[in-house]
**Student:** 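Let me give you the structure first, and then I'll get to my questions.
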Amino acid sequence: MNLKQLRAFKEIMVTGSVSKAASNLFRTQPAVSSQLASLEEEVGMPLFERREGRLHPVPEAEYILAEATEILEKVENLQDSLTRVKNLNVGRINMVAMISPSIFFLPQLISRFVQNKEHVDVSLFSHSSFQAQQLMSAQRYDVGLVDHVESVAPSLIHHDPLDFKCVCAVPASDPLAQNTTICAQDLDNKPLAMLDGSHAIHEQLESIFKTNDLTLNKRFETQYFLPQLSFVENGLACAIVDPITVASYQANSRNQDQIVFLPFTSHVTFSISIVTPAHRPLSTLAMMFVKYLKSELQTLQ
C-alpha cells in the first residue's frame, strides 16, 4: 500500500468518479483505475460495486476512507513542516547570556531575526558570565554570549571572541562634552561610574591611570555597564562603556540628549565570546542565528 493508492482511493470516494478523480489529481484515468485496482488487490476485497457504469463504495470503504484521510493529512503536515525546516522557518533556539545585553540588545536582535519566522521559538536566559558558561558547558544551550574567558571549560565550549573599543559617556552638561575625544588626563580625579574590581575593564582603567600618574576616582561601582548611564544622565559621573551598551541605550532611552558618547583615546578593550556547545551539533536554524548574532555584533566594532 502506498500514498498514490490512498490519494486515488480518497479522490474517488469524494468525487464518486474515476474520471473526476483523475482530473483532480492531474493524472490519466487508466492510471487512477490501476491504483484503485492494486489497492483492492492488497486489501483482498473490492472497495466499490460497479453498477450501471457508476462506482458505489462498500461499507468497508468508509472505514478505509477515514484511515486514509488521517494518514494523508499527517503526510501533508509533515511535508509542510519539512518545508518550514528547509526554509529555516520552524524550530527552537535556546540562548543564555550575561545580563547586561539581555535587557535590550539581545531581545531586539532576536526580534529582528525571527521577523517573518512565525514558527521559530527562542528562549533567552540571563546569568552572570561565569554561570552562563557553566550552563553552556553542560551542552544545554545552542548559543551563549559571555565575557571572554579562555580558561572556562575549553574542552566543552567553542569560543568565538570579539573585541570592542570602549568609549567615554559624559554628561551633556559637563564641559568635557564639548570635546571631540576624551583622554585619561581629562578624567583625572573626576568621579567615575565603573564596573567592580573583578572585571577586566576595571583592571585596565586602573593600569592606565597608574601608568599616567592620575587619580582614579571610583565614585560608583556596578556589576554591569547599563546602570552606570543613570549616574551619567544625572551629571554625577563619567563612565567608560562598551559599544553594545551604547547601542542599547541609544535605542531605548528617552534621555539621550543628557549623555554624549565620545571616543576614549586610552585603549580599553571589552572582550566577549559567542559560545556554542562543543559536543552537541547545532541545527541549521541555530547556526544561522549564530552567524546573524556575530554579524550584528561586528557592526558595533
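Position 1 is the first residue of the sequence; numbering continues from there. Reckoned from all heavy atoms, side chains included, excluding hydrogens, waters and symmetry mates.
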**Student:** Work out which heavy atom in M136 is nearest to a heavy atom in G144; give both atom names and the distance.
**Tutor:** SD-N, 3.8 Å
**Student:** What pair of heavy atoms forms the shortest contact from Y141 to R280, and how long is it?
**Tutor:** O-NH2, 2.8 Å
**Student:** Over all heavy atoms of both residues, which pair between I208 and N212 is shortest? Give the atoms and the distance, please.
**Tutor:** O-ND2, 2.7 Å
**Student:** Restricting to side-chain hydrogen bond (donor to acceptor under 3.5 Å, both in side chains), what partner residues turn up for E42, sequence neighbours left out?
**Tutor:** Q5
**Student:** So which atom in Q139 and which in A278 form the shortest heavy-atom distance, rounded to 0.1 Å?
**Tutor:** OE1-N, 3.4 Å
**Student:** Out of curiosity, Q134 CD to R140 CZ, how far, rounded to the nearest 0.5 Å?
**Tutor:** 11.5 Å
**Student:** Residues two or more places apart in sequence or in another chain: which of them pass side-chain hydrogen bond (donor to acceptor under 3.5 Å, both in side chains) with S123?
**Tutor:** N94
**Student:** If we only count heavy atoms from C-beta on, is the P101 to L145 side-chain gap below 4.5 Å?
**Tutor:** yes
**Student:** Please check this pair: side chain of D188 against backbone of Q185, looking for a donor-acceptor N/O pair closer than 3.5 Å.
**Tutor:** no
**Student:** Say whether, by atom type as modelled, one donor and one acceptor occur between the side chain of T269 and the main chain of S271 under 3.5 angstrom.
**Tutor:** no
**Student:** Per the ring pair (Phe, Tyr, Trp, His ring centres under 6.0 Å) rule, what does the pair list look like for residues 176-223, sequence neighbours excluded?
**Tutor:** F220-F231
**Student:** According to salt bridge (charged side-chain N to carboxylate O under 4.0 Å, His left out), who are the partners of K294, at least two apart in sequence or on a separate chain?
**Tutor:** D160
**Student:** Is the shortest heavy-atom distance from the side chain of F164 to the side chain of V246 under 4.5 Å?
**Tutor:** no
**Student:** Going by the rule salt bridge (charged side-chain N to carboxylate O under 4.0 Å, His left out), which residues pair with R54 if we only count those two or more places apart in sequence or in a different chain?
**Tutor:** none
**Student:** Nearest 0.5 Å, what's the OG1-CD distance between T245 and Q250?
**Tutor:** 11.0 Å
**Student:** Without swapping roles, check the side chain of S111 against the backbone of P107 for a donor-acceptor pair under 3.5 Å.
**Tutor:** yes
**Student:** Please check if the side chain of S38 supplies one atom and the backbone of Q35 the other of a donor-acceptor pair under 3.5 Å.
**Tutor:** yes
**Student:** Verify side chain to side chain contact (heavy atoms under 4.5 Å, CB included) between T180 and L262, making sure each step is shown before the conclusion.
**Tutor:** CA-CA 7 Å; T180 55; L262 296 170; 5.9 Å; no
**Student:** Is the side chain of S295 donor-acceptor paired with the backbone N or O of Y292 at a distance under 3.5 Å, no angle test?
**Tutor:** no
**Student:** Side-chain donor-acceptor pairs under 3.5 Å in residues 59-70, sequence neighbours left out?
**Tutor:**
residue: T69; atom: OG1; partner: L65; partner atom: O; Å: 2.8
residue: E70; atom: OE2; partner: K74; partner atom: NZ; Å: 3.4

**Student:** Taking C-beta and beyond as the side chain, do F104 and L226 meet within less than 4.5 Å on heavy atoms?
**Tutor:** yes
**Student:** Under 3.5 Å, is there a donor-acceptor pair between the side chain of E40 and the main chain of L47?
**Tutor:** yes
**Student:** Using salt bridge (charged side-chain N to carboxylate O under 4.0 Å, His left out) as the criterion, list what pairs up with R112, not counting sequence neighbours.
**Tutor:** E296
**Student:** Taking salt bridge (charged side-chain N to carboxylate O under 4.0 Å, His left out) as the definition, give me every residue that meets it alongside D242, ordered by chain and number, with sequence neighbours left out.
**Tutor:** none
**Student:** Below 4.5 Å, heavy atoms only, C-beta onward: do L55 and R50 meet side chain to side chain?
**Tutor:** yes
**Student:** Test Q223 against I99 for side chain to side chain contact (heavy atoms under 4.5 Å, CB included), laying out the working first.
**Tutor:** CA-CA 10 Å; Q223 190 175 0; I99 293 174; 5.7 Å; no
**Student:** Would you say Y249 and V241 make side-chain contact, with heavy atoms under 4.5 Å?
**Tutor:** no
**Student:** Would L36 and F48 count as a side chain to side chain contact (heavy atoms under 4.5 Å, CB included) here? Give the steps.
**Tutor:** CA-CA 10 Å; L36 176 59; F48 296 89; 3.7 Å; yes
**Student:** When the side chains of residues 165-176 are checked against the rest of the protein, which donor-acceptor pairs come out under 3.5 Å, sequence neighbours left out?
**Tutor:**
residue: D174; atom: OD1; partner: L176; partner atom: N; Å: 2.8
residue: D174; atom: OD2; partner: K190; partner atom: NZ; Å: 2.8

**Student:** Quick check: do L297 and L293 have side-chain heavy atoms less than 4.5 Å from each other?
**Tutor:** yes
**Student:** Drop me the distance from E206's CD to I201's CD1, to the nearest 0.5 angstrom.
**Tutor:** 12.5 Å
**Student:** For T222, enumerate each residue passing the side-chain hydrogen bond (donor to acceptor under 3.5 Å, both in side chains) test, keeping only those at least two apart in sequence or located in another chain.
**Tutor:** Q228
**Student:** So L187 and F264, do their side chains get closer than 4.5 Å, heavy atoms only?
**Tutor:** yes
**Student:** How long is the gap from CG on L229 to OG on S253, to the nearest 0.5 Å?
**Tutor:** 8.5 Å
**Student:** In chain order, what residues pass the side-chain hydrogen bond (donor to acceptor under 3.5 Å, both in side chains) check against S266, with sequence neighbours excluded?
**Tutor:** none
**Student:** Test side chain to side chain contact (heavy atoms under 4.5 Å, CB included) on V75 and L6 and set out the steps.
**Tutor:** CA-CA 12 Å; V75 170; L6 294 180; over 6 Å; no
**Student:** Measuring from atom CG of L195 to atom CD1 of I240, what distance do you get when rounded to the nearest 0.5 angstrom?
**Tutor:** 10.5 Å
**Student:** Tell me the closest heavy-atom pair linking E221 and G197, and the distance in Å.
**Tutor:** OE1-N, 3.7 Å
**Student:** Report the C-alpha distance between Q131 and S128 in whole Å, list the side-chain angles of each, state the deciding distance to 0.1 Å, and finish with yes or no for side-chain hydrogen bond (donor to acceptor under 3.5 Å, both in side chains).
**Tutor:** CA-CA 5 Å; Q131 289 173 322; S128 71; 3.2 Å; yes
**Student:** Check the surroundings of atom CG in N189: do more than 12 heavy atoms from other residues, nucleotides or ligands lie under 6.0 Å from it?
**Tutor:** yes
**Student:** Sub-3.5 Å donor-acceptor pair from the side chain of E233 to the main-chain atoms of Q258, do we have one?
**Tutor:** no
**Student:** Which atom pair, heavy atoms only, marks the closest approach of Q108 to A251?
**Tutor:** OE1-CB, 3.9 Å
**Student:** Just by distance, do the side chain of S129 and the backbone of D147 share a donor-acceptor pair under 3.5 Å?
**Tutor:** yes
**Student:** Check this for me: E41, atom CD, are more than 12 non-hydrogen atoms of other residues, nucleotides or ligands nearer than 6.0 Å?
**Tutor:** no
**Student:** I'd like to check I103 versus Y224 (side-chain heavy atoms, cut-off strictly below 4.5 Å). Are they in contact?
**Tutor:** no
**Student:** Tabulate below the donor-acceptor pairs under 3.5 Å that side-chain atoms of residues 8-18 make, not counting sequence neighbours, or state none.
**Tutor:**
residue: E11; atom: OE2; partner: N24; partner atom: ND2; Å: 2.9
residue: T15; atom: OG1; partner: E11; partner atom: O; Å: 2.8
residue: T15; atom: OG1; partner: S17; partner atom: N; Å: 3.3
residue: T15; atom: OG1; partner: S17; partner atom: O; Å: 3.0
residue: S17; atom: OG; partner: S19; partner atom: N; Å: 3.2
residue: S17; atom: OG; partner: S19; partner atom: OG; Å: 2.8
residue: S17; atom: OG; partner: K20; partner atom: N; Å: 3.2

**Student:** First locate atom OG1 of T276, then atom CD1 of I157, and finally report the distance between them rounded to the nearest 0.5 Å.
**Tutor:** 9.0 Å
